[in-house]
Amino acid sequence: MKPANPLRPHSFLKVPLTAALVGFALLSSAHSAESPRGLAVEPTQVELVGNFARAQLVASAANPSSVATERSADLTSQATFVSSDRKVVRVDSRGALFAVGNGTAQIVVTLKSSSAVSSIRVPVTVKDFAALPSVSYSRDVVPIISKAGCNMGACHASQYGKAGFKLSVFGYEPTQDFAAIVRDSSERRVNFLEPEQSLLLKKPTLQVPHGGGRRMKIGSTEYQTLVAWIASGAPGLSPSDPQVTRIVAGPTRRITVPGAKHQIRVEAFYSNGTSRDVTALAKFDSMDEGVLSVTRDGLVTIGGKGQAPALVRYEGQAATCLFMVPYSSHVELTGWKNQNFIDELAAAKFRELGIEPSALCSDAAFLRRAYFDAIGTQPTLAAVRAFLSSKDPGKRTRLVDRLLGLTGDPQLDVHNDAYAAWWTLKWSDLIRNQSNDLGEQGMWAFHNWLSESFRANKPFDRFVKELVTAKGSIYSVGPANFFRVNSNPQDCAESTAQLFLGVRLGCAKCHHHPFEKYGQDDYYSFASFFARVGSKGSQEFGLFGGESVVMVRAGGEVSNPRTGRVLKPKPLDGPEADDPLDRRAALARWLTSPKNDYFAKSVVNRYTAYLLGRGLVDPVDDLRATNPPSNRELMDALARHFVKSGFDLKQLLRVLMTSRVYQLDSQPTPANEADRRFYSHFNVKRLSAEALLDAVDEATGTPTKFTNLPLGTRAIELPDAEYQNYFLKTFGKPVRASVCECERSPDESLSQALHTLNGDIVTGKIGAAGGRIDGLLAAKTSPEKTVEDIYLATLSRYPTQAERQNAVRFLKESKSPRECFEDLQWALINSKEFLFVH
């Protein structure tokens with residue numbers, strides 16, 4: 001229906017978020033959501049300020065206590081909405097309100113069922129409805145252009161714009177966009193004498209040809225807003241224009257069923273203390289089309305089972321609404337026993353989503369899993385025999401303590417060197433320690449500092465403080481090399497944020513992050529912490545030693561290249577912070593503070609991904625409001641545990657590895673095979689290149705010799721990024737060019753399969769003189785014992801009875817025992833059981 005007044009000026013909406021509760025005995029839906037006994041409508045009252053004010057009503061079922069809960073069904077599409085005075089406010093069938101004139105009225109919301117009729121009245125006040133329209137460019141026009149998609153990268157925000165009309169990406173350069181709309185091309189896009197004839201209106205309404213298709217309808221609220229703006233002279237930006245500081249979208253969380261519909265409502269809050277309903281102007285996206293879809297008006301339709309957020313964006317701010325669709329209405333959690341808080345919170349999520357977890361894995365699977373995850377190493381044959389033969393009911397926990405060096409007994413804590421090597425390798429990849437950038441001496445200095453830090457189990461907050469405040473010779477102060485890898489304030493800021501906050505700041509360097517709250521001022525204020533870091537040459541290692549010294553200069557600032565304004569150092573989401581001697585000290589204090597949620601959460605999320613195959617937030621270094629954790633309560637609890645432990649990485653690993661969740665079987669059941677995010681079964685992980693090569697060496701008893709390193713050096717101990725080793729290159733050892741975990745791809749390739757199947761390296765090691773099989777044959781070991789040892793050394797388990805029988809048959813068919821046993825180990829090494837952690 002066309003509004004009564006074609007020109008309705010700027011408007012605001014002030015609404016509370018509490019629910020109004022009236023009525024009982026509503027129609028019950030036959031699903032797991034609560035049976036509706038009453039009707040709740042949000043907001044309870046509405047104030048529309050100005051001619052173009054709009055608001056969205058949302059009707060929900062209420063529980064027996066007359067309260068709408070996270071299990072309440074959305075009844076908006078089933079309810080009817082009637083205005084008591086259409087000269088004051090109009091309402092459509094979706095519950096959307098439109099200001100028509102000054103005054104007060106009521107919206108009567110009614111829900112009918114076969115047994116009852118429930119209704120609720122929502123009072124509405126409309127004020128400041130003026131005869132002479134006045135429209136704000138920043139608060140009214142820019143959101144309309146954004147909603148229409150005109151400033152998207154595929155449209156007028158592309159590199160060269162479209163048809164001579166160029167806008168900034170997502171409207172983050174409003175001054176530039178205003179000039180393009182009103183001033184460019186001899187002002188041909190606006191017609192101040194006849195606003196309706198403006199090209200700005202005729203193009204998106206398809207009154208003239210438009211490559212982008214129809215973007216608005218003639219007579220719509222958006223159309224009338226633009227007409228009013230042009231008619232008033234198209235006023236531009238004002239320094240006093242309030243800015244959007246945050247948005248709130250509801251429902252924040254709903255447990256629902258397939259086929260259900262949910263209306264999202266969005267409220268924007270401004271820097272001057274005002275707020276208004278912006279549902280009609282917000283942009284909506286589904287973060288998982290397999291679970292839900294969402295219309296441009298914010299109506300969510302549930303299409304599948306699982307958990308997914310709907311993303312809401314408005315003027316540089318973002319929020320999410322989380323929808324959970326249980327796979328089953330009831331689960332037993334048969335045999336489930338909580339080992340620690342991880343299991344308690346995981347079980348709560350299983351019940352919430354109706355997921356039945358898998359049973360515990362076998363001892364053999366746990367042994368191999370724990371060894372590779374804790375120390376990146378294949379268990380020895382002796383270790384396998386000892387663990388599998390043990391009858392100790394607590395042997396899994398004791399194994400974890402031995403691997404992490406937490407028993408307190410030097411005779412048992414023998415894996416610390418392997419632990420240090422493994423985690424040094426992982427963090428060397430992320431911090432990008434490699435000789436191409438640092439030289440041999442710098443690389444070794446950095447490597448030795450990392451290795452000693454993990455060997456001593458240095459608290460991670462101290463580790464990060466030492467890294468981000470390092471100074472001195474790159475040859476004698478290992479962490480100083482961080483500032484040679486990241487040689488300017490921008491690189492330092494991006495690497496620090498991504499590594500230790502889980503925040504990807506790169507987009508904000510040029511424009512506002514499309515899915516985050518950070519803009520250019522945030523980016524360059526954070527970079528300002530590193531503005532005074534410099535370096536100078538040194539001859540301490542000789543005239544041609546190539547040494548440099550990282551130092552803190554007396555001056556140096558960072559400015560926003562768009563505005564030219566010099567920015568003081570300021571943490572993300574924090575006040576300005578400085579230090580008279582070294583700005584980085586102020587950053588380190590904030591960064592590693594127990595009150596900084598992002599620091600602890602980024603670490604526990606990364607380590608959860610290392611052990612469980614997927615982070616609570618995925619990707620692991622992309623923590624943001626619009627990418628919520630799969631289990632927020634578990635993320636919060638792990639972060640609190642990490643802080644309480646004194647940022648102890650070994651204690652973090654221990655609590656993860658001793659949980660029942662970590663010890664679940666990797667084989668999914670029909671009840672949980674669709675789950676990829678909630679840890680109802682162990683996520684199979686491919687072995688990394690280095691761990692895999694070491695595993696081949698351990699299984700075959702044939703070590704690899706690396707150039708310029710002594711025989712016996714394992715692949716996980718390699719300090720540098722690039723070695724002339726075809727195996728490591730084929731299986732994806734990264735060159736350490738990025739701080740992203742994605743540089744080490746988890747995906748297998750054809751070349752990898754061909755290498756293990758047909759390559760000389762694997763077959764050469766299997767048949768090598770002095771290798772495992774050669775030794776077994778030389779010792780005249782019985783065929784039965786030889787087969788057993790091959791299985792134990794390769795797969796860390798005993799062969800099954802069927803496998804033993806197959807081996808006997810194969811031995812009879814082979815030309816010689818050597819051929820049989822070598823072919824057997826070749827087959828095992830090429831199996832998924834060997835190549836992956838199960």
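Only heavy atoms go into these numbers, but all of them, side chains included; no hydrogens, no water, no symmetry mates.
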Taking [X] for the side chain and [Y] for the main chain, is one N or O donor matched with an acceptor at less than 3.5 Å?
| X | Y | value |
| --- | --- | --- |
| S271 | Q243 | yes |
| N416 | G405 | no |
| R714 | E690 | no |
| E267 | I247 | no |
| N627 | D622 | yes |
| T320 | L322 | no |
| E452 | W449 | no |
| E717 | A421 | no |
| D618 | R614 | no |
| D720 | S435 | yes |

Looking at [Y] and [X], is any side-chain nitrogen of the basic one under 4.0 Å from a carboxylate oxygen of the acidic one?
| X | Y | value |
| --- | --- | --- |
| K283 | D285 | no |
| R504 | D621 | yes |
| R686 | E748 | no |
| D417 | R455 | yes |
| E633 | K349 | no |
| K458 | E466 | yes |
| E315 | R246 | no |
| R532 | E557 | yes |

F529 ring center near W590 ring center (under 6.0 Å):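 That pair fails the under 6.0 Å test.
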
Distance flag, aromatic centroids of F647 and F599, threshold under 6.0 Å: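 Ring-ring flag for F599/F647: true, centres closer than 6.0 Å.
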
Quick one: pull up [atom1] in [X] and [atom2] in [Y] and give me the separation to the nearest 0.5 Å.
| X | Y | atom1 | atom2 | value |
| --- | --- | --- | --- | --- |
| S535 | K471 | OG | NZ | 14.5 Å |
| R432 | R484 | CZ | CZ | 14.0 Å |
| L404 | N457 | CG | CG | 9.0 Å |
| Q317 | T245 | CD | OG1 | 6.5 Å |
| Y598 | L623 | OH | CG | 7.0 Å |
| I342 | T658 | CD1 | OG1 | 7.0 Å |

Name of the residue among F454, Y607, W427 meeting ring pair (Phe, Tyr, Trp, His ring centres under 6.0 Å) with F460: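 Testing F460 for a ring pair (Phe, Tyr, Trp, His ring centres under 6.0 Å) against F454, Y607, W427 leaves exactly one candidate, W427.
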
Minimal non-hydrogen separation, [X] against [Y], with atom names:
| X | Y | value |
| --- | --- | --- |
| R553 | A531 | NH2-O, 3.0 Å |
| K733 | A689 | N-CB, 3.9 Å |
| T377 | A418 | OG1-CB, 4.2 Å |
| V620 | A609 | CG1-CB, 3.3 Å |
| A715 | L728 | CB-CD2, 4.3 Å |
| A470 | V550 | O-CG1, 3.8 Å |

Under a 4.5 Å cut-off applied to non-hydrogen side-chain atoms, are [X] and [Y] in contact?
| X | Y | answer |
| --- | --- | --- |
| L311 | F284 | no |
| T626 | V312 | no |
| T592 | F463 | no |
| Y679 | T608 | yes |
| N725 | L693 | yes |
| V485 | L438 | yes |
| L425 | H447 | no |
| L167 | E173 | no |

side-chain contact (heavy atoms from CB on, under 4.5 Å) between F483 and I474, worked out: CA-CA 9 Å; F483 296 98; I474 63 170; over 6 Å; no

Do the side-chain N and O atoms of [X] and [Y] include a donor-acceptor pair separated by under 3.5 angstrom?
| X | Y | value |
| --- | --- | --- |
| S659 | N340 | no |
| E547 | S473 | yes |
| Q490 | Y523 | no |
| N433 | N481 | no |
| S138 | D241 | yes |
| Y518 | D573 | yes |
| S528 | R583 | yes |
| R736 | N436 | no |

Give a yes/no verdict on a cation-pi contact between [X] and [Y], requiring under 6.0 Å between NZ or CZ and the six-membered ring centre and an angle within 45° of the axis.
| X | Y | result |
| --- | --- | --- |
| R369 | F682 | yes |
| K570 | F526 | no |
| K601 | F642 | no |

side-chain contact (heavy atoms from CB on, under 4.5 Å) between L638 and L656, intermediate numbers included: CA-CA 9 Å; L638 279 168; L656 285 164; 4.2 Å; yes

Option passing salt bridge (Lys or Arg N to Asp or Glu O under 4.0 Å) with R589 (candidates D579, D578, D582):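 Answer after filtering D579, D578, D582: D579.
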
Identified salt bridge (Lys or Arg N to Asp or Glu O under 4.0 Å) partner of D373 from the options K685, R654, K426: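 So the option named by the test is K685.
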
Derivation of the side-chain contact (heavy atoms from CB on, under 4.5 Å) call for L450 and S428: CA-CA 8 Å; L450 287 166; S428 291; 3.3 Å; yes

Chi angles and distances behind the side-chain contact (heavy atoms from CB on, under 4.5 Å) call for V603, L649: CA-CA 9 Å; V603 178; L649 291 175; 3.9 Å; yes

